[in-house]
Participant: 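Let me begin by handing over the structure; questions about it come next.
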Amino acid sequence: MVLTGLRAVPGFAFATARLFGLQSAWSYERMLGIGVAHAMEPLLRPLRDVDGGVRYRDALVREAQFFNAHPYVTSIAIGAAARAELDGEAPERIERLRQALCGPLGALGDRLMWAGWLPACSAIGLILVACGAGGWGVAAFLVLYNVVHVVLRVWGLRAGWRAGMRVAAALAHPVLHRALEVVGPVAALAVGCALPMVLVWATHGAGLHLPWWLTWRHLVAAGVGAGAFALLAARLGTRLTGLRLATVVLAVAAVGGMLWR
Amino acid sequence: MSPGELAGVTAVGVVVGVDLVTFPQAMTSRPLVAAFVGGWILGHPMVGLLAGVVMELFALETLPVGAARYPDWGPPAAAAGALLADGVRAGGGEGAWPGILATILVAALAAWLGGWSLHLIRRANGAAIGRYAERLARGDPGALVRLQAGGFARDVLRAAALTLVTLVPGGILARFLAARWNAPAGIAEDVVLAVALGAAAWSAWRLFARGSTGRWLAAGLAAGCAGALLWF
């Protein structure tokens, strides 16, 4: 029996809400699997009345298996797989669809959001704070970031649902491709712009009102810091992270400040 | 800090800690947001914002990618903002940079601890899935709900513990270090800004220096320098 169309639509509101908690039961064994099945379950409810609920339970078992992708665009896979389950596609085809989507959705989300939109919005927030926006800079960061975040999750669910097994068409959407082209340069520009402005704000604009030569002293200190970091990074490679460097240098400085005579 | 304020900051720590992975990943866990709110709870949002900006520079490299172990800055940042605001309220506004240095050091240690706590939560989630294996194999939707709720509850407890660890023993350590700072306060400021900008510059380099985005990074740096000169 094939179930498609509006009969499943009432589940969308619940499924959409559950998308935001996809990673609640994240584990190394199944990664997003439990969250995917939990979010998809409202869309699968029409199957409860089919074959005594066997198809519904079989679908839940299948969808709770291992799945790994970026959490925001996993909604595309959830919509597509739910549609395929309701369309009565063969279980092997649905499993292949899930496996095939992991890599592309992970790469898409990581490039678009983690390496693009997140640093871009963070930098824009920092620039606004540096320009004197105060808490409004923080609010602007949250609003900017979450407009795209929420739209991506909701659009993904609907696009996946519309496409079903032909979900590759949703991934080839021209807006997504354009966004991938634009987001990297926007993030690079914003982060580059934020660094000097934050430095001057932290020394000058945050109520300290230092003379200009003191501000430039900090610029030199920051340049030395960045240079030292680059030199250390060249020697230590990826083992050097901002957190490790911060912890070590700040700890050394704290002890040095205590021993100062 | 009164018990009510402690509870308020812990509640903020829980919200931002759970946000990192579990719900809803709206980036309230970024230190820029968490430290600002932590400072605001104690009546000095701008002090929290200053700490948040510095920690955000450290956290630019923190991208919550899947199975990787990354620091959890949210609860420590909320606590750090509150600790600094509490210090200002107690009359420690003058020469605040040693206090900022010590508090950010404590927050960085706590963020590192937070990364490990996430790893433990993931393993606990895996163990819970093992306990529900039989119900999952039957396609029981109740098992999914219980696993999701259990994971959420574990993360709430983790975030609360991380916030309290930063606030109480972390706060004592930060006050101890700041009170014994003998060097000029300007040195603390230089160190904090040099490390923060250095870490941020390195993150920007790693993220954007390769390929066509390198040109945009250079253009942004030039625009930022010009903007700083014109604005301040």
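Each chain gets a letter, A, B and so on, in the order its sequence line appears, and its residues count up from 1.
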Participant: Report which part of B:W205 has an atom under 4.5 Å of a heavy atom belonging to chain A: side chain, backbone, both, or neither.
Facilitator: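 Contact with chain A involves no heavy atom of B:W205 at all.
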Participant: So for B:A219, is it side chain, backbone, both, or neither that comes closer than 4.5 Å to the heavy atoms of chain A?
Facilitator: both
Participant: Taking A:S27's backbone N and O only, do any of them form a donor-acceptor pair with B:N125's side chain (distance below 3.5 Å, no angle check)?
Facilitator: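 No; zero donor-acceptor contacts below 3.5 Å.
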Participant: Taking the side chain as everything from C-beta on, heavy atoms only, tell me whether B:L221 gets closer than 4.5 Å to A:P196.
Facilitator: yes
Participant: If you compare all heavy atoms of B:M27 against all heavy atoms of A:F141, which two are closest, and at what distance to 0.1 Å?
Facilitator: O-CE2, 3.6 Å
Participant: Can you establish whether the number of heavy atoms outside B:R215 located under 6.0 Å from its atom CZ is more than 12?
Facilitator: no
Participant: So what's closer than 4.5 Å to chain B heavy atoms on A:A187: side chain, backbone, both or neither?
Facilitator: both
Participant: Mind listing the closest non-hydrogen atom pair of B:A204 and A:V191 along with its distance?
Facilitator: CB-CG1, 3.6 Å
Participant: Measure distances from A:A64 to the heavy atoms of chain B and classify the residue's part below 4.5 Å as side chain, backbone, both or neither.
Facilitator: side chain
Participant: State, with a plain yes or no, whether a side-chain heavy atom of B:L136 is found less than 4.5 Å away from one of A:V61.
Facilitator: no
Participant: Pick whichever of A:Y56, A:W26, A:Y145 has the most heavy-atom pairs under 4.5 Å with chain B.
Facilitator: A:W26
Participant: Does B:R146 CZ have over 12 foreign heavy atoms under 6.0 Å away?
Facilitator: no
Participant: Mark yes or no for whether A:Y72, through its side chain, and B:Q25, through its backbone, hold a donor-acceptor pair below 3.5 Å.
Facilitator: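 Yes: the side chain of A:Y72 pairs with the backbone of B:Q25.
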Participant: Can you say whether A:M258 sits under 4.5 Å from chain B via the side chain, the backbone, both, or neither, judging by heavy atoms?
Facilitator: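 Both backbone and side chain.
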Participant: Between A:A123, A:A69, A:G184, A:G137, which has the largest tally of heavy atom pairs under 4.5 Å with chain B?
Facilitator: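 If we count pairs closer than 4.5 Å to chain B, A:G184 comes out on top.
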Participant: Would you mind reporting whether A:W201 and B:L50 have side-chain heavy atoms less than 4.5 Å apart?
Facilitator: yes
Participant: Counting only non-hydrogen atoms closer than 4.5 Å, does B:Y70 touch chain A with its backbone (N, CA, C, O), its side chain (CB onward), both, or neither?
Facilitator: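 For B:Y70, there is no contact with chain A at all, as no heavy atom is under 4.5 Å.
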Participant: Can you give me the closest heavy-atom contact between A:L250 and B:F58, atom names plus distance?
Facilitator: CD1-CZ, 4.4 Å
Participant: What part of A:L195 lies closer than 4.5 angstrom to a heavy atom of chain B: side chain, backbone, both or neither?
Facilitator: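 Both parts, backbone and side chain.
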Participant: With respect to chain A, which residue among B:P184, B:G214, B:G115, B:A153 yields the maximal number of heavy-atom pairs within a distance under 4.5 Å?
Facilitator: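 Max contact count across the listed options: B:P184.
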Participant: How many angstroms lie between atom CG of A:L126 and atom CZ of B:R30, to the nearest 0.5 angstrom?
Facilitator: 9.0 Å
Participant: Heavy atoms, side chains only, cut-off 4.5 Å: are B:L177 and A:V255 in contact?
Facilitator: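 The answer is no; the side chains never approach within 4.5 Å.
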Participant: Any chance CZ of A:F14 has more than 12 other-residue heavy atoms, nucleotides or ligands included, within less than 6.0 Å?
Facilitator: no
Participant: At a 4.5 Å cut-off on heavy atoms, which part of A:L118 comes close to chain B: side chain, backbone, both, or neither?
Facilitator: side chain
Participant: Check whether any side-chain heavy atom of B:D155 lies under 4.5 Å from a side-chain heavy atom of A:S24, and answer yes or no.
Facilitator: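 They are not in side-chain contact.
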Participant: A:Q23 side chain to B:F23 main-chain N or O, any donor-acceptor pair under 3.5 Å?
Facilitator: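 Pair absent, no side-chain N/O of A:Q23 close to backbone of B:F23.
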Participant: Side chain, backbone, both or neither: which part of B:P141 has a heavy atom under 4.5 Å from chain A?
Facilitator: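 Both backbone and side chain.
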Participant: Let's test your reading of the structure: which of A:V186, A:V249, A:L142 forms the most heavy-atom pairs below 4.5 Å with chain B?
Facilitator: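 Of A:V186, A:V249, A:L142, A:L142 has the most heavy-atom pairs under 4.5 Å with chain B.
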Participant: For B:A26 and A:N146, work out which heavy atoms get closest and say how close.
Facilitator: O-ND2, 3.0 Å
Participant: Check each atom of B:V145 against the heavy atoms of chain A and say whether the ones under 4.5 Å are side chain, backbone, both or neither.
Facilitator: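 Both backbone and side chain.
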Participant: So, do B:F208 and A:P185 sit near enough that their side-chain heavy atoms are less than 4.5 Å apart?
Facilitator: no
Participant: Just give me the residue among B:G139, B:A102, B:A149 that pairs up with chain A most often, heavy atom to heavy atom, under 4.5 Å.
Facilitator: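 Ranked by contacts with chain A, first place is B:G139.
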Participant: Which bit of B:I104 is near chain A, if near means a heavy-atom gap under 4.5 Å: side chain, backbone, both or neither?
Facilitator: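 Both parts, backbone and side chain.
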Participant: Kindly give the heavy-atom pair with the smallest separation between B:W181 and A:A253, and that separation in Å.
Facilitator: CZ3-O, 3.2 Å
Participant: So which of A:M113, A:M31, A:R30, A:H70 has the biggest tally of heavy-atom pairs under 4.5 Å with chain B?
Facilitator: A:R30
Participant: Assess whether atom CZ of B:R138 is packed by more than 12 heavy atoms of other residues, nucleotides or ligands within 6.0 Å.
Facilitator: yes
Participant: I want to check something: taking the side chain as every heavy atom from C-beta on, are B:L217 and A:L189 in contact at a cut-off of under 4.5 Å?
Facilitator: no
Participant: Measure distances from A:L22 to the heavy atoms of chain B and classify the residue's part below 4.5 Å as side chain, backbone, both or neither.
Facilitator: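 Looking at A:L22, just its backbone touches chain B.
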Participant: Quick one: which of B:V53, B:V47, B:V18 has the most heavy-atom pairs under 4.5 Å with chain A, could you say?
Facilitator: B:V53
Participant: Heavy-atom distance under 4.5 Å to chain A: side chain of B:Q148, backbone, both or neither?
Facilitator: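 Both the backbone and the side chain of B:Q148 come within 4.5 Å of chain A.
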Participant: Testing the basics here: between A:A25 and B:I129, what is the closest heavy-atom pair and its distance to 0.1 Å?
Facilitator: O-CD1, 3.9 Å
Participant: Quick one: what part of A:R62 sits under 4.5 Å from any heavy atom of chain B, side chain, backbone, both or neither?
Facilitator: neither
Participant: Taking side chain as everything from C-beta outward and backbone as N, CA, C, O, which of these in A:H149 sits under 4.5 Å from a heavy atom of chain B? Side chain, backbone, both or neither.
Facilitator: side chain
Participant: Got A:V252 and B:V191 here, is their nearest side-chain heavy-atom distance under 4.5 Å?
Facilitator: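 Counting from C-beta outward, A:V252 and B:V191 never come under 4.5 Å.
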